[in-house]
Amino acid sequence: MPHPQPEISVVVPLYNKEPHIERTISSVLAQNIQHIEIIVIDDGSTDNGKAIVSAIPDRRIEVISQENQGVSAARNYGIRKSRSDLIAFLDADDEWKPGFLEKIIYLRNRFPHAGAFGTSYETPVRSGKTYFPSYAGIPKGWEGILPSYFRASFGMHVLHTSAVAIPKYVFHVIGGFQVGQNLGEDLDMWLRIALRFPIAYSNYPLAVYHQDAVNRTDAVTVYVEKLPYLKRAELALKSRVVPDHLRNDLIEYVAKRKIGYAKLFITSGKPEEGRRVLAKVMSNGSATEKRFWMLLSYIPSIIFDLLRLAKWRFFAFMQRLKRHPL
């Protein structure tokens, strides 16, 4: 007798995340919504992560192995194997708070026409505190249809791979995750959705994004012009397929993303690369910020190293002061 269709499918791509995967799966099993399936796609791992998942005694978990093809191929495989009409994604080193799926279902029921449902998240940092992202024009605790995904993402991106669910039919309309990309493949997906569908969002942090996990991609090494989401955004602007009410926001979004990568290059000792990226920023709205960082690119990189060292020493001093007041 076939199993009934789950209320939501959870797709977890797994590649060499042995220290974290049990925590991740446990956070799914602890959800208030229990009528689920968990599809773990092991993308050719060489550690014991797959064995750890396989040993968890829960029939809702399915582990599928494939040769290493990258995270996009793993997610796409999970989408094809899913039985629900709503698919949530969770990276193998992140976790959910117990109310995450409940909030996703709430958003889906309230905004059934949306092409994606997301929540905010939190990030533990080295100081022992917790970082909460802020978004342009989206107050904390706000819920609804985003007026503009691109404007909301001028700073931090409003959607995150471990805090989003997408109706399965959306993939039939726009396709799957772009295979062969290990950085920005998720941002490319959100951009494609935002150009075609409204996005429902809850600015409550119901996921936990762990940046200290093993096996993470170094963003500083990226060649900016090859990032799939920036290429797609610029092609969309040239082809004039962008809705009029989103066009200016998308132009500014591209500019701010490029300036962000330029800042990363400049503060990481690659000023020439930073200047090359800044030279291609074409937005009038970001002209002042562009000039500011172009000027900073001529400051010796050792200055940035010293500033970072001073910052971490200050944080360490404050932590010691809290433990041992004067």
Side-chain angles (χ1 to χ4, degrees), residues 1-109 112 116-119 121 160-172 176-177 186 189 206-210 213-215:
M1 181 177 178
H3 295 290
Q5 178 177 307
E7 192 169 5
I8 189 166
S9 298
V10 181
V11 173
V12 181
L14 173 63
Y15 179 70
N16 289 351
K17 295 292 176 67
E18 178 183 348
H20 317 293
I21 186 61
E22 186 173 9
R23 176 187 65 192
T24 297
I25 298 301
S26 295
S27 78
V28 182
L29 297 177
Q31 290 297 298
N32 297 335
I33 298 293
Q34 287 288 301
H35 190 199
I36 62 176
E37 66 173 354
I38 305 170
I39 304 170
V40 178
I41 306 297
D42 180 63
D43 188 39
S45 295
T46 57
D47 62 6
N48 292 319
K50 176 184 173 182
I52 290 173
V53 179
S54 299
I56 298 174
D58 195 303
R59 293 183 179 181
R60 295 170 297 176
I61 302 173
E62 180 180 10
V63 182
I64 302 172
S65 297
Q66 65 175 25
E67 293 184 3
N68 181 252
Q69 301 175 52
V71 66
S72 290
R75 290 189 185 120
N76 290 341
Y77 194 0
I79 292 167
R80 292 194 299 271
K81 294 293 291 184
S82 64
R83 294 185 294 120
S84 173
D85 59 3
L86 183 62
I87 303 169
F89 297 93
L90 180 60
D91 288 348
D93 46 12
D94 296 333
E95 59 183 307
W96 289 335
K97 294 184 179 181
F100 173 77
L101 288 182
E102 186 175 29
K103 180 63 71 176
I104 291 296
I105 297 298
Y106 165 79
L107 291 173
R108 195 267 303 271
N109 292 338
F117 309 96
T119 80
Y121 59 92
H160 188 277
T161 47
S162 292
V164 69
I166 300 172
K168 196 168 188 177
Y169 79 89
V170 170
F171 297 111
H172 296 309
F177 288 89
D186 52 344
M189 174 60 72
L206 293 173
V208 183
Y209 171 41
H210 292 280
V214 298
N215 189 33

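We count residues from 1, following the sequence as given.
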Side chain to side chain contact (heavy atoms under 4.5 Å, CB included) between N16 and T46: does it pass, once the steps are laid out? CA-CA 6 Å; N16 289 351; T46 57; 3.3 Å; yes
Minimum side-chain heavy-atom gap I61-V53 below 4.5 Å: yes
Check whether S65 reaches the backbone of D42 with its side chain - one donor and one acceptor, N or O, closer than 3.5 Å. no
If I take atom CG from residue D94 and atom NE2 from residue H20, how far apart are they, to the nearest 0.5 angstrom? 9.5 Å
For the side chain of Q31 and the backbone of F100, is there at least one donor-acceptor N/O pair under 3.5 Å apart? yes
Classify the angle between the aromatic ring planes of H160 and Y121 as parallel (below 30°), tilted (30 to 60°) or perpendicular (above 60°). tilted
Test side chain to side chain contact (heavy atoms under 4.5 Å, CB included) applied to I64 and Y77, step by step: CA-CA 9 Å; I64 302 172; Y77 194 0; 3.5 Å; yes
Check whether any side-chain heavy atom of S45 lies under 4.5 Å from a side-chain heavy atom of K50, and answer yes or no. no
Give a yes or no answer on whether the side chain of N76 reaches the backbone of G176 with a donor-acceptor pair at less than 3.5 Å. no
Candidate pair L29 and I38, rule side chain to side chain contact (heavy atoms under 4.5 Å, CB included), full reasoning: CA-CA 9 Å; L29 297 177; I38 305 170; 3.7 Å; yes
Separation of W96 CH2 from T119 OG1 (nearest 0.5 Å): 9.5 Å
Do F171 and M189 have side-chain heavy atoms sitting under 4.5 Å apart? yes
Run E7 and Q34 through side chain to side chain contact (heavy atoms under 4.5 Å, CB included) and show every step you take. CA-CA 8 Å; E7 192 169 5; Q34 287 288 301; over 6 Å; no
Hey, does the side chain of R83 reach the backbone of S9 with a donor-acceptor pair shorter than 3.5 angstrom? no
Would you call S27 and L90 a side-chain contact if the rule is heavy atoms closer than 4.5 Å? yes
Contact check, side chains of V28 and I36, non-hydrogen atoms, under 4.5 Å: yes
salt_bridge(D43, K17) N-O dist < 4.0 Å: no
Between D47 (side chain) and E18 (backbone), is there a donor-acceptor pair under 3.5 Å? yes
Test item: S162 side-chain N/O and D91 main-chain N/O as donor-acceptor pair under 3.5 Å: yes
Pairwise side-chain contact, I87 with I8, heavy-atom cut-off 4.5 Å (strictly under): no
Donor + acceptor pair across side chains of E95, T24 (<3.5 Å): no
Heavy atoms of other groups near E22 CD, more than 12 under 6.0 Å: no
Any side-chain heavy atom of L14 sitting closer than 4.5 Å to one from I21? yes
Hey, are K168 and S82 close enough side-chain-wise for a donor-acceptor pair under 3.5 Å? yes
Can a donor-acceptor pair be found, under 3.5 Å and without considering hydrogens, that links the side chain of D58 to the backbone of R60? yes
May I ask you to check if K103 and Y106 form a cation-pi contact, with NZ or CZ under 6.0 angstrom from the six-membered ring centre and within 45° of the axis? yes
Is any side-chain heavy atom of L86 closer than 4.5 Å to a side-chain heavy atom of I104? yes
Cationic tip of R75 within the cone over F177's six-membered ring, i.e. under 6.0 Å and within 45° of the normal? yes
